[in-house]
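Let me begin by presenting the structure, written as structure tokens, before commenting on it.
Proteins get letters first, then strands, A, B, ... in listed order; numbering begins at 1 in each. In what follows, every heavy atom counts, from backbone to side chain, and hydrogens, waters and symmetry copies are set aside.
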Amino acid sequence: MSEERSLNFIEEIVEEDIAAGKHGGRVLTRFPPEPNGYLHIGHAKSICLNFGLAKKYNGKTNLRFDDTNPTKEETEYVDSIKEDVKWLGFDWAEELYASDYFDKLYNFAVTLIKKGLAYVDDSTAEEIASQKGTPTEPGTPNEYRNRSAEENLQLFADMKAGKYQDGDKVLRAKIDLASPNMLLRDPLIYRIKHAHHHRTGDVWCIYPMYDFAHGQSDAIEEITHSICTLEFVSHRPLYDLFIEELNIFPSKQYEFARLNMTYTVMSKRKLLQLVNEKHVESWDDPRMATISGLRRRGYTATSIREFCERIGVAKRENMIDFSLLEFCIREDLNKTAWRRMAVLDPIKMIITNYPEGKTETLHGENNPEVEGGDGGRDMPFSNELWIEREDFMEEPPKKFFRLGVGLMVRLKNAYIVKCDDFKKDANGNVTEIYCTYIPESKSGHDTSGINVKGTIHWVSVPHAKTAEVRLYDRLFQVEDPSNEEGDFKDYINPNSLHIISNAYIEADLANAEMGKGYQFIRKGYFTLDKHSTADKLVFNRTVTLKDGWAKKG
RNA sequence: UGCCUGAUAGUAUAAUGGUAGUACGACGGUUUUUGGUACCGUUUGUCUAGGUUCGAAUCCUGGUCGGGCAACCA
């Protein structure tokens with residue numbers, strides 16, 4: 001019984017094209033990042049769409065770096081992008097670069113000039129801007145617009161040859177200075193930049209603009225469906241126009257709404273600012289909505305793919321609740337993460353009727369969601385345990401199913417204990433609590449007949465290991481920081497990182513593996529940070545468990 | 001302001017002229033050696049005003065509101 005999922009609008013287009021026999025039913029998409037930053041969750045949506053579409057319709061996807069602006073692009077970014085796409089679980093057909101096509105693009109420009117459809121303009125940026133007119137007034141042509149093809153050819157060759165400085169001249173397409181679409185008012189298609197390119201080095205000093213590179217690159221690769229975000233809708237006429245005038249492969253552009261998510265920002269410019277201004281540690285800071293940040297935080301590729309599946313693809317603007325991403329990672333980790341015990345805010349419990357110095361080995365399964373428990377591990381038990389401070393109350397309210405004088409709980413995988421007494425220091429802080437255990441209530445062999453409502457986690461004091469545990473909260477205090485008054489950075493959550501330097505963890509956690517998710521029972525999902533060492537374990541909290549009790553309080 | 005887009009529960013997303021459905025959330029319950037999970041139930045919606053039609057979320061017209069474009073960025 002495969003439930004029938006309806007198609008999104010792009011899948012509909014693809015199916016229509018296949019049915020119509022367009023391109024012989026071939027599907028070739030591309031994922032075209034500019035290597036000027038790290039990929040974020042918004043890119044994941046595009047990646048899943050492009051690669052997912054190809055997979056579904058027996059097609060392929062190219063990874064193409066849109067590297068036409070040498071001043072912003074770096075090899076470091078290329079490497080991180082490739083790593084992230086692979087990690088998400090996708091394989092590209094070919095790794096390509098817009099810069100691979102610089103010769104072809106140059107020749108395309110020459111073709112345009114010969115057809116009288118492009119000219120070299122000596123105006124300054126300001127002059128060009130003012131001559132463009134406004135939405136209500138048409139632009140005005142300047143003296144350069146009527147240069148002959150011969151002259152333009154020579155000037156353009158001179159631009160390429162490095163005879164001019166940055167900004168001296170540009171090549172513009174000659175289209176329509178009165179067009180209601182401002183992008184058609186003779187857009188710039190080549191500019192001079194004496195800058196080192198991360199791949200072509202210093203071979204070029206003129207570089208094509210996006211509009212004169214993207215569509216042509218698609219055409220060169222014979223991309224059948226070029227999928228981009230909504231802000232490129234008004235570029236589509238240009239995309240189509242150049243393809244038509246150059247008489248090259250008729251790739252088609254389709255636009256969908258980009259992902260927006262609450263409590264975060266989703267633009268490379270802003271993410272770069274957060275890194276540069278040290279609001280976060282790095283691009284892969286676990287609070288960042290980057291793929292690498294989410295990975296370091298403990299998100300799995302499966303959960304991110306599932307998220308992208310659930311948010312859907314449409315043309316209307318959207319704002320996805322961050323909690324949906326959290327749902328996806330909980331759903332995945334619940335099925336895969338091994339259960340372990342860790343006490344983050346410790347208080348000592350002394351079991352007065354358990355022999356001092358005795359160690360008992362108890363057993364717990366790795367994951368109750370898996371048939372057979374997915375194996376298990378031993379855990380030492382003794383008369384002194386660390387338990388969570390919040391699991392004891394001096395004056396427990398009704399329905400508090402944990403500890404207070406006279407109350408009983410089960411220690412997970414161990415015994416039922418009854419709280420008899422506690423001790424406070426001079427400041428009134430509880431320092432120790434005293435319990436008696438029920439010997440007949442041993443986990444798995446309980447003959448006590450006692451039923452308790454609560455079960456709490458614990459770690460044996462003499463056997464506990466310590467670890468640094470980093471708890472993360474949302475990076476911003478408001479749902480849509482980009483849309484608030486003033487600077488988005490004014491809304492950064494000052495408490496987005498809470499470091500617990502000495503958490504007590506059960507002994508087996510010394511064997512924790514990098515990249516694997518663990519559930520600290522009742523506390524959430526955690527994973528080893530990349531800076532963790534054998535001497536100093538560091539765990540990142542991926543996400544808390546859903547907490548129905550906290551909500552009522 | 002000109003052009004382009006879009007508008008379905010709190011948030012997303014279906015219904016392609018024929019019963020407005022699904023997921024997440026919220027709320028309530030059952031189970032539970034995680035106040036987790038699982039399971040069950042409840043809740044809330046077609047921007048607005050007209051028109052076409054036996055029948056409109058869907059088609060038409062006007063309005064309202066949101067987003068994009070006017071970079072030598074992509």
Aromatic centroids of A:F9 and A:Y254 separated by under 6.0 Å: no
Whole angstroms only, please: what is the CZ-P distance between A:F526 and B:U34? 18 Å
Separation of B:U13 atom C1' from A:L324 atom CG, nearest Å, is 11 Å
Taking ring pair (Phe, Tyr, Trp, His ring centres under 6.0 Å) as the definition, give me every residue that meets it alongside A:F520, ordered by chain and number, with sequence neighbours left out. A:F526, A:F539
A:K163/A:D168 ion pair, N-O < 4.0 Å: no
Considering only atom P, compute the distance from B:A20 to B:C27 and round it to an integer number of Å. 29 Å
Answer with base, sugar-phosphate or nothing: what part of the nucleic acid does A:F401 contact at a heavy-atom distance below 4.0 Å? base
How long is the line joining CZ of A:R316 and C1' of B:C47, in whole Å? 13 Å
Euclidean distance, atom CD of residue A:E390 to atom P of B:U34 [Å, nearest integer]: 16 Å
Give A:V452 one of three labels, base, sugar-phosphate or nothing, depending on what nucleic acid heavy atoms sit under 4.0 Å from its own. nothing
Atom pairs, protein N/O to nucleotides 36-39 of chain B N/O, distance under 3.5 Å:
unit_1: B:G36; atom_1: N2; unit_2: A:E369; atom_2: OE2; d: 2.8
unit_1: B:U37; atom_1: O2'; unit_2: A:N334; atom_2: ND2; d: 3.0
unit_1: B:U37; atom_1: O2'; unit_2: A:E369; atom_2: OE1; d: 3.0
unit_1: B:U37; atom_1: O2'; unit_2: A:E369; atom_2: OE2; d: 3.4

Ignoring hydrogens and angles, answer whether the base of B:U33 and the side-chain atoms of A:R410 contain a donor-acceptor pair closer than 3.5 Å. yes
When you match A:G444 and A:V313 each to their closest nucleotide on RNA chain B, which lands nearer the 5' end? A:V313
Could you give the distance separating B:C24 and B:U61 at their C1' atoms, to the nearest angstrom? 38 Å
Report which part of the nucleic acid A:R310 touches: base, sugar-phosphate, or nothing (heavy-atom distance under 4.0 Å, all strands). sugar-phosphate
Given the C1' atoms of B:U46 and B:C59, what is the spacing between them in whole Å? 16 Å
Between A:D121 and A:R145, does any NZ, NE, NH1 or NH2 come within less than 4.0 Å of an OD or OE carboxylate oxygen? no
Please step through side-chain hydrogen bond (donor to acceptor under 3.5 Å, both in side chains) for the pair A:T300 and A:T302, ending with a clear verdict. CA-CA 5 Å; A:T300 59; A:T302 305; 4.6 Å; no
Can the ring centroids of A:F476 and A:Y263 be said to lie less than 6.0 angstrom from one another? no
Side-chain donor-acceptor contacts of residues 208-215 of chain A below 3.5 Å, not counting sequence neighbours, with atom names and distances?
unit_1: A:D211; atom_1: OD1; unit_2: A:H235; atom_2: ND1; d: 2.7
unit_1: A:D211; atom_1: OD2; unit_2: A:H235; atom_2: ND1; d: 3.2
unit_1: A:H214; atom_1: ND1; unit_2: A:D66; atom_2: OD2; d: 2.6
unit_1: A:H214; atom_1: NE2; unit_2: A:R30; atom_2: NH1; d: 2.6

Assign each of A:K45 and A:T71 the nucleotide of RNA chain B bearing its closest heavy atom; nearer the 5' end lies the nucleotide of A:K45
Taking the same atom, C1', in B:A56 and in B:A15, what whole-Å distance lies between them? 13 Å
Taking B:U64 as the reference, what is the distance to B:A49 when you measure between their P atoms (whole Å, please)? 15 Å
Rounding to an integer number of angstrom, what distance separates B:U52 and B:A57 when you compare their P atoms? 16 Å
Which nucleotides of nucleotides 65-72 of chain B have their base under 4.0 Å from a protein heavy atom (B), which only their sugar-phosphate (S), and which neither (-), written as one string 5' to 3'? --SSSB-B
Please determine whether a side-chain nitrogen of the Lys or Arg among A:K335 and A:E331 lies less than 4.0 Å from a carboxylate oxygen of the Asp or Glu. no
Could A:D122 and A:R147 be called an ion pair, given the rule that one side-chain N must be under 4.0 Å from one carboxylate O? yes
Salt bridge present between A:E388 and A:R522 (N-O < 4.0 angstrom): no
Counting only side-chain heavy atoms from C-beta out, which of B:G25, B:U33, B:C73 sits nearest to A:N69? B:C73
For atom P, what is the distance between B:C47 and B:A38, given to the nearest Å? 33 Å
Measuring to OP1 and OP2 of B:A74, would you say a side-chain N or O of A:R269 lies under 4.0 angstrom away? no
In whole angstrom, what separates A:I81's CD1 from B:A74's C1'? 12 Å
Which part of the nucleic acid, if any, lies within contact of A:F400, taking any heavy atom under 4.0 Å across all strands shown: a base, the sugar-phosphate backbone alone, or nothing? base
Quick one: are the ring centres of A:W458 and A:F381 less than 6.0 Å apart? yes
Given atom CD1 of A:I320 and atom P of B:U11, what is their separation to the nearest angstrom? 11 Å
So, A:Y119 versus A:Y144, ring centres under 6.0 angstrom or not? no
Can you confirm if the aromatic rings of A:Y299 and A:F307 lie within a centre distance of less than 6.0 Å? no
Rounded to whole angstrom, note down the P distance from B:U48 over to B:A7. 14 Å
Charged N to carboxylate O under 4.0 angstrom, A:K442 versus A:E360? yes
Tested for side-chain contact (heavy atoms from CB on, under 4.5 Å) against A:L403, the lone hit among A:I387, A:I347, A:D391 is A:I387
Looking at residues 32-43 of chain A, who's got a heavy atom less than 4.0 Å off RNA chain B? A:E34
Taking atom P of B:U33 as reference, at what distance in whole Å does atom CG of A:L362 sit? 17 Å
Could you give me the CA-CA distance, side-chain angles and deciding distance for A:N367 and A:E369, then say whether side-chain hydrogen bond (donor to acceptor under 3.5 Å, both in side chains) is met? CA-CA 5 Å; A:N367 188 340; A:E369 300 297 313; over 6 Å; no
Measure from CG on A:D480 to C1' on B:A12 and round the result to the nearest Å. 16 Å
Which dot-bracket string fits RNA chain B when only Watson-Crick or G-U wobble pairs with both atom distances under 3.5 Å count, crossing pairs get [ ], and | stands for a partner on a different strand? .((((((..((((....[..)))).(((((.......)))))....(((((..]....))))))))))).....
Is any N or O donor-acceptor pair between the side chain of A:T455 and the base of B:U34 shorter than 3.5 Å? no
Any base atoms under 4.0 Å from A:S323, or only sugar-phosphate, or nothing? Heavy atoms, all strands. nothing
